[in-house]
Q: 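Below you'll find the structure I mean.
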Amino acid sequence: MDKYRIDSHKLLYHVPRVNDWLNRKLIYPIYMEISPSGTCNHRCTFCALDFMGYQKRCLDAAVLMERLSEMGHLGLKSVMYGGEGEPLVHEQISEIIHHTKKSGIDVALTTNAALLDESLSEKILPDLEWMKVSIGAASRETYAKIHRTKPSDFDTVITNLRHAAKIKRENNYTCTLGMQILLLPENKHEVVLLAEIAKDIGMDYLVVKPYSQHPMSKTHKYKDIKYSEYMNLSDELSAIGTKEFSVIFRANTMRKWDEVRKNYNRCLSLPFWSYVDAGGNVWGCSVYLGDEKFCYGNIYENSFKEIWEGEKRRASLHWVEKELDVEQCRVNCRMDEINRYLWDLKNTPEHVNFI
């Protein structure tokens with residue numbers, strides 16, 4: 001059911017870039033996360049980046065678009081707009097998305113969709129590869145408690161997504177529309193209902209994923225959650241799936257959360273991706289936002305090429321290789337599966353020629 005490989009990774013489809021990395025050549029990132037806005041219209045109980053403070057700052061669209069043109073030329077293949085704030089708060093988000101696509105970069109969006117009115121959907125859906133909406137419940141009351149917002153926002157989000165699906169269908173857009181729910185004790189009884197709602201309004205999938213404690217987060221409410229108690233949901237949810245609609249129950253990631261076990265002792269993934277915060281800082285890892293050892297530079301001060309080939313990034317990668325204790329990193333960080341893959345490539349077992 002996971003045809004998008006959401007519970008796995010897709011680096012294996014970028015063999016030339018991986019081969020250059022194995023040969024210790026300089027490579028530019030394949031994927032980047034960008035936070036257009038530091039502020040957010042919700043205050044979710046599970047927010048991993050609450051320590052960023054929801055700062056009222058937005059990226060300068062002109063500077064960002066100049067850098068996007070450059071990054072597309074350098075080989076960046078994809079950008080996901082999300083980050084420490086709600087990306088749709090940025091007043092020029094539709095222009096930014098359009099320019100990203102024009103730069104030869106695939107574009108995706110993660111959002112709570114409360115601001116996704118029909119007009120905005122009509123502007124951005126033609127340029128998006130996918131849009132994933134974070135939704136914490138299937139009822140107004142539970143949604144309001146988890147998102148810490150007004151109950152009417154739930155109705156607004158469902159209406160917005162119904163309209164988005166209609167716009168996609170009527171225009172034959174290829175953008176994949178999905179929902180994502182973080183499985184928590186407060187919403188476990190509503191996950192099946194949410195899957196039914198998602199299918200009914202025209203979504204392509206619903207992802208059910210586990211919580212992951214960010215080491216720097218102020219929130220510790222869910223740090224001891226155990227997902228072995230929820231595995232029985234998998235069969236019930238899979239029965240809802242159809243040819244047009246998938247429920248992606250991230251069982252593999254849930255098991256890793258409960259087991260807390262890595263097969264690698266160094267982080268190898270940093271050359272393949274990067275993160276730009278709402279202040280223009282370029283980071284090697286979103287787990288260590290605010291730690292200067294992971295800050296490569298700022299797009300307001302330098303070109304991306306200067307940042308990526310600069311001394312700060314070289315020093316950061318050297319520190320990560322020699323000093324970083326991955327056991328202190330976030331369990332199930334976004335690069336975990338990629339690290340497992342790269343570790344196996346760098347540390348081959350015996351008899352590999354017997355394929």
Side-chain angles (χ1 to χ4, degrees), residues 1-10 13-14 30-37 61 64-65 68-69 71-72 76-83 85-135 156-181 194-209 240-248 250 273 334:
M1 295 292 287
D2 186 12
K3 65 179 182 180
Y4 309 106
R5 297 184 68 90
I6 290 173
D7 205 26
S8 182
H9 74 93
K10 295 181 277 288
Y13 300 111
H14 299 277
I30 295 170
Y31 165 69
M32 177 176 286
E33 294 181 18
I34 298 178
S35 179
S37 168
L64 176 58
M65 289 190 283
L68 286 165
S69 297
M71 291 187 289
L76 182 69
K77 292 183 176 293
S78 65
V79 165
M80 189 270 282
Y81 289 109
E86 165 53 48
L88 299 188
V89 169
H90 198 296
E91 294 181 354
Q92 293 174 271
I93 189 63
S94 61
E95 293 93 331
I96 290 170
I97 287 172
H98 182 63
H99 184 84
T100 309
K101 187 66 175 178
K102 275 181 59 180
S103 300
I105 302 169
D106 289 344
V107 200
L109 173 71
T110 58
T111 172
N112 59 41
L115 301 175
L116 186 74
D117 57 27
E118 279 190 85
S119 174
L120 185 55
S121 283
E122 288 171 351
K123 291 175 182 176
I124 67 176
L125 289 182
D127 294 318
L128 291 176
E129 296 295 315
W130 54 263
M131 178 175 68
K132 189 182 297 176
V133 175
S134 177
I135 182 166
T156 299
V157 168
I158 297 302
T159 299
N160 289 346
L161 292 180
R162 193 184 296 274
H163 287 152
K166 182 173 181 286
I167 291 167
K168 172 191 170 177
R169 185 172 59 251
E170 290 179 346
N171 292 278
N172 291 316
Y173 292 147
T174 58
C175 174
T176 301
L177 300 177
M179 287 180 170
Q180 177 172 275
I181 184 170
L194 185 62
E196 296 283 7
I197 291 171
K199 181 169 70 171
D200 177 65
I201 65 174
M203 295 294 99
D204 295 301
Y205 66 79
L206 170 71
V207 173
V208 183
K209 66 177 288 187
I240 299 171
T242 65
K243 184 179 179 181
E244 293 77 26
F245 176 76
S246 303
V247 182
I248 301 163
R250 296 191 62 177
W273 89 296
R334 190 178 295 276

Q: Once rounded to the nearest 0.5 Å, what's the spacing between atom NE2 of His99 and atom OG of Ser94?
A: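 Interatomic distance, His99 NE2 to Ser94 OG, rounded to 0.5 Å: 13.5 Å.
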Q: Looking at Leu88, Ile96, Thr110, which one forms a side-chain contact (heavy atoms from CB on, under 4.5 Å) with Tyr81?
A: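 Running side-chain contact (heavy atoms from CB on, under 4.5 Å) over Leu88, Ile96, Thr110 with Tyr81 returns exactly one hit, Ile96.
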Q: Specify the closest pair of heavy atoms between Ala165 and Met203, including all atoms of both residues, with the distance to one decimal.
A: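 Looking at all heavy atoms of both residues, the shortest contact is CB-CE, 4.2 Å.
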Q: Please list, one pair per line, the donor and acceptor atoms closer than 3.5 Å that link side chains of residues 127-134 to other protein atoms, with sequence neighbours excluded.
A:
residue: Asp127; atom: OD2; partner: His98; partner atom: ND1; Å: 3.0
residue: Glu129; atom: OE2; partner: Lys101; partner atom: NZ; Å: 2.9

Q: Under the rule for salt bridge (Lys or Arg N to Asp or Glu O under 4.0 Å), what residues qualify as partners of Asp204, not counting sequence neighbours?
A: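 With neighbours one apart ignored, the set is Lys168.
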Q: Just wondering, are more than 12 heavy atoms of other shown residues or ligands nearer than 6.0 Å to NZ in Lys102?
A: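 No.
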Q: Are Val107 and Ile124 side-chain neighbours, meaning at least one heavy-atom pair lies under 4.5 Å?
A: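 They are not in contact (no side-chain heavy atoms under 4.5 Å apart), so the answer is no.
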Q: Between atom NE2 of His90 and atom OG of Ser35, what is the distance when rounded to the nearest 0.5 Å?
A: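 Output value for this atom pair is 9.5 Å.
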Q: Of the non-hydrogen atoms in Thr156 and Ala114, which two are nearest, and what is the gap between them?
A: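 Shortest heavy-atom separation between Thr156 and Ala114 comes out as CG2-O, 3.6 Å.
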Q: Would you say Lys199's side chain and Phe245's backbone share a donor-acceptor pair under 3.5 angstrom?
A: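 The answer is no, because no donor-acceptor pair under 3.5 Å joins these two groups.
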Q: Does some side-chain heavy atom of Leu120 sit less than 4.5 Å from a side-chain heavy atom of Ile93?
A: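 With C-beta onward as the side chain, the pair touches.
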Q: Just wondering, do Leu109 and Pro87 contact through their side chains at under 4.5 Å, heavy atoms?
A: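 The answer is yes, as the side chains (C-beta and beyond) meet within the 4.5 Å cut-off.
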Q: Which atom pair, heavy atoms only, marks the closest approach of Pro126 to Ser121?
A: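 Closest approach of Pro126 to Ser121: CD-O, 4.2 Å.
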Q: Does Ile105 offer a backbone N or O that forms a donor-acceptor pair with the side chain of Ser103 under 3.5 Å?
A: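 Pair absent, no side-chain N/O of Ser103 close to backbone of Ile105.
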Q: Starting at OG1 of Thr100, measure out to CE of Met71 and round the result to the nearest 0.5 Å.
A: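 It comes to 8.0 Å.
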Q: CG/Leu177 to CG/Leu125 distance, rounded to the nearest 0.5 angstrom?
A: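 Rounded to the nearest 0.5 Å, the CG-CG separation comes to 6.0 Å.
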Q: Should Met179 and Ile158 count as side-chain neighbours, where that means a heavy-atom distance under 4.5 Å?
A: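 With C-beta onward as the side chain, the pair touches.
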Q: Mind telling me whether Tyr31 and Trp273 have parallel, tilted or perpendicular rings, with 30° and 60° as the class edges?
A: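 Correct class here is parallel.
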Q: Under the salt bridge (Lys or Arg N to Asp or Glu O under 4.0 Å) test, which residues partner Glu95, sequence neighbours left out?
A: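 Residues passing salt bridge (Lys or Arg N to Asp or Glu O under 4.0 Å) with Glu95: none at all.
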Q: Using side-chain heavy atoms (C-beta onward) and a distance below 4.5 Å, is Leu116 in contact with His163?
A: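 Answer no - side chains too far apart.
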Q: Take atom CD of Glu91 as the centre, draw a 6.0 Å sphere, and report whether it contains more than 12 heavy atoms from other residues, nucleotides or ligands.
A: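 No.
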Q: What heavy-atom pair brings Asn112 and Val157 nearest, and what distance separates the two atoms?
A: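 Minimum heavy-atom contact is O-CG2, 3.3 Å.
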Q: Quick check: does any side chain N or O of Asn171 sit under 3.5 Å from a backbone N or O of Ile167, one acting as donor and the other as acceptor?
A: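 Here the side-chain-to-backbone pair exists.
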Q: Between Gln180 and Ile6, is any pair of side-chain heavy atoms under 4.5 Å apart?
A: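 No, their side chains stay 4.5 Å or more apart.
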Q: To the nearest 0.5 Å, tell me how far Lys77 NZ sits from Ile30 CD1.
A: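 Atom-to-atom, Lys77:NZ and Ile30:CD1 are 7.5 Å apart.
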Q: Can you tell me how far the CG atom of Leu76 sits from the CG atom of Asp106, to the nearest 0.5 Å?
A: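 The distance works out to 9.5 Å.
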